[in-house]
Amino acid sequence: MSLKIATWNINSVRLRIESVVRLLDHHKPDVLCLQETKCPDDLFPEKAIKAAGYEYIEKSGQKGYHGVAIVARVPLEKASIKRFCGKEDCRHIQATAKGVEIHNFYVPAGGDEPDPEINEKFAHKIQFLEEMASWFKNAKQKTTAKRVVVGDLNVAPLEHDVWSHKQLLKVVSHTPQEVELFDKVLASHKWIDVPRLFTPEEEKLFSWWSYRSKDWQASNRGRRLDHIWASPAMDGMAKSVTTFTDARSWEKPSDHAPVIAEFKL
DNA sequence: ATGGCCGCCCTAGGCGGA
């Protein structure tokens, strides 16, 4: 049995519903995890997604900001959401597909100033990552459960996960404090960084390019903010990973590209 | 490195993104 799972920060699911359907038609993942849906649950564009053959939809949205959803053409079971940092801001949803427990995250971006003392958004991000680490550390069946974490984790941990390591060391998403915490979350469940199994650490690998570049491909000042992790029980199961950069050039694109992984279960 | 960009919202400038 195989599982093909895609993750995509869509930056408004209603504005880009045609792009969502286009991705589903093109790649036919079993499961697509969306972030930044920016859509209350009662306005989620279920009809178009179901018409594309994705009948199973779990979502946690709110008006205007954040929001996550899991859509699938295979049954989704045991859906639930977890709140972080005492907020109800729709940054996590999980469901099980083909026996794999899938966690879809949208980690806070963290604002501009990488100092929790003066920037409460950065403090929120730090606390969020800390809570992720303690949650996973206390998880049951860590060596036996098939689990996947996907989503916009808003941290580019490795030197070649950003266009310029040196120039981004003090830029939120790539600061040493965030990278250290990111590694702590990884270690909390011995997660496997799946895309890096297929692209060596010394090669550039990005999933996000700012809207502010005139030509995102020419400047290529990207960052790898979107991640796919697999639990130790899935060691050896990952067969391929694609960063579907074509979608970054579609009309009215999201600033993130979909990342797609295929597992042999 | 910032910001020349985006999308949202009690429609228009402020907020959040990263």
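In what follows, every chain begins at residue 1, and chains take the letters A, B, ... in the order their sequences are listed. Small disclaimer: the values here were computed from a predicted structure and weren't measured.
Side-chain N/O atoms of A/H66 include none lying less than 4.0 angstrom from OP1 or OP2 on B/dG16. OP1 or OP2 of B/dG7 has at least one side-chain nitrogen or oxygen of A/R16 nearer than 4.0 Å. Here A/Y65 does not reach the OP1 or OP2 of B/dG14: none of its side-chain N or O atoms lies under 4.0 Å away. Applying the 4.0 Å criterion to OP1 and OP2 of B/dC6, one finds that A/N11 has every side-chain N and O outside that range. Applying the 4.0 Å criterion to OP1 and OP2 of B/dC9, one finds that A/K38 has every side-chain N and O outside that range. A/K63 has a side-chain polar atom (N or O) that falls below the 4.0 Å cut-off from OP1 or OP2 of B/dC10.
Atom-to-atom, CZ of A/R223 to C1' of B/dG17 comes out at 11 Å; the value is rounded to the nearest Å. Separating the CG atom of A/L15 from the C1' atom of B/dG7 is a distance of 7 Å, rounded to the nearest angstrom. The distance between atom CG of A/N119 and atom C1' of B/dA18, rounded to the nearest whole Å, is 12 Å. Taking atom CG of A/L43 as the reference point, atom P of B/dC8 lies 12 Å away to the nearest angstrom. Rounded to an integer number of Å, the gap from NE2 of A/H256 to P of B/dC6 is 14 Å. Between A/R221 atom CZ and B/dT2 atom C1' the separation is 9 Å, expressed in whole Å. Nucleotide B/dC15 holds its C1' atom 13 Å from the CD atom of A/E36, rounded to whole Å. One atom, CZ of A/R14, and another, C1' of B/dC9, lie 11 Å apart when rounded to the nearest Å.
Heavy atoms of A/Y106 sit under 4.0 angstrom from primed sugar atoms or phosphate atoms, though from no base atom. Residue contacts shown for A/W163 include a base, since a base heavy atom lies under 4.0 Å away. Residue contacts shown for A/D255 are absent, as no nucleic acid heavy atom lies under 4.0 Å away. Across all strands shown, A/R248 has no heavy atoms under 4.0 Å from either base or sugar-phosphate atoms. Residue contacts for A/K252: at a heavy-atom cut-off of 4.0 Å it reaches the sugar-phosphate backbone alone, with no base atom in range. No engagement by A/L168 is indicated, since no non-hydrogen atom pair under 4.0 Å with the nucleic acid exists.
For the pair A/K184 and A/E130, the salt-bridge criterion is met [side-chain N within less than 4.0 Å of a carboxylate O]. Using a 4.0 Å cut-off between charged nitrogen and carboxylate oxygen, A/E18 and A/K252 do not count as a salt-bridge pair. Taking a cutoff of 4.0 Å between a charged side-chain nitrogen and a carboxylate oxygen, A/D30 and A/R73 qualify as a salt bridge.
Spacing between B/dA12 and B/dG7 at atom C1', rounded to whole Å, works out to 13 Å. B/dA1 and B/dG14: their C1' atoms are spaced 24 Å apart (whole Å). When the P atom is used for both B/dC6 and B/dA18, the distance is 15 Å, rounded to whole Å. If you take atom P in B/dG16 and the same atom in B/dC10, they sit 14 Å apart, rounded to whole Å. Comparing the same atom, C1', in B/dG3 and in B/dC15 gives a spacing of 16 Å after rounding to whole Å. B/dG4 and B/dC9 have their P atoms separated by 25 Å, given to the nearest Å.
Take the nearest nucleotide of DNA chain B for A/S12 and for A/D152: the residue whose nucleotide is more 5' is A/S12. Comparing A/K214 and A/N9 by the nucleotide of DNA chain B that holds the closest heavy atom to each, the one mapping nearer the 5' end is A/K214.
Using the six-membered ring where Trp is involved, A/H66 and A/Y106 have ring planes that are tilted, between 30° and 60° apart. Taking the six-membered ring for Trp and thresholds of 30 and 60 degrees, A/H103 and A/F105 have nearly parallel ring planes, at less than 30 degrees apart.
Scanning for side chain to side chain contact (heavy atoms under 4.5 Å, CB included) contacts around A/K204 gives A/H160, A/F206, with sequence neighbours left out.
The closest donor-acceptor contact from the side chain of A/W8 to the backbone of A/H256 lies under 3.5 Å.
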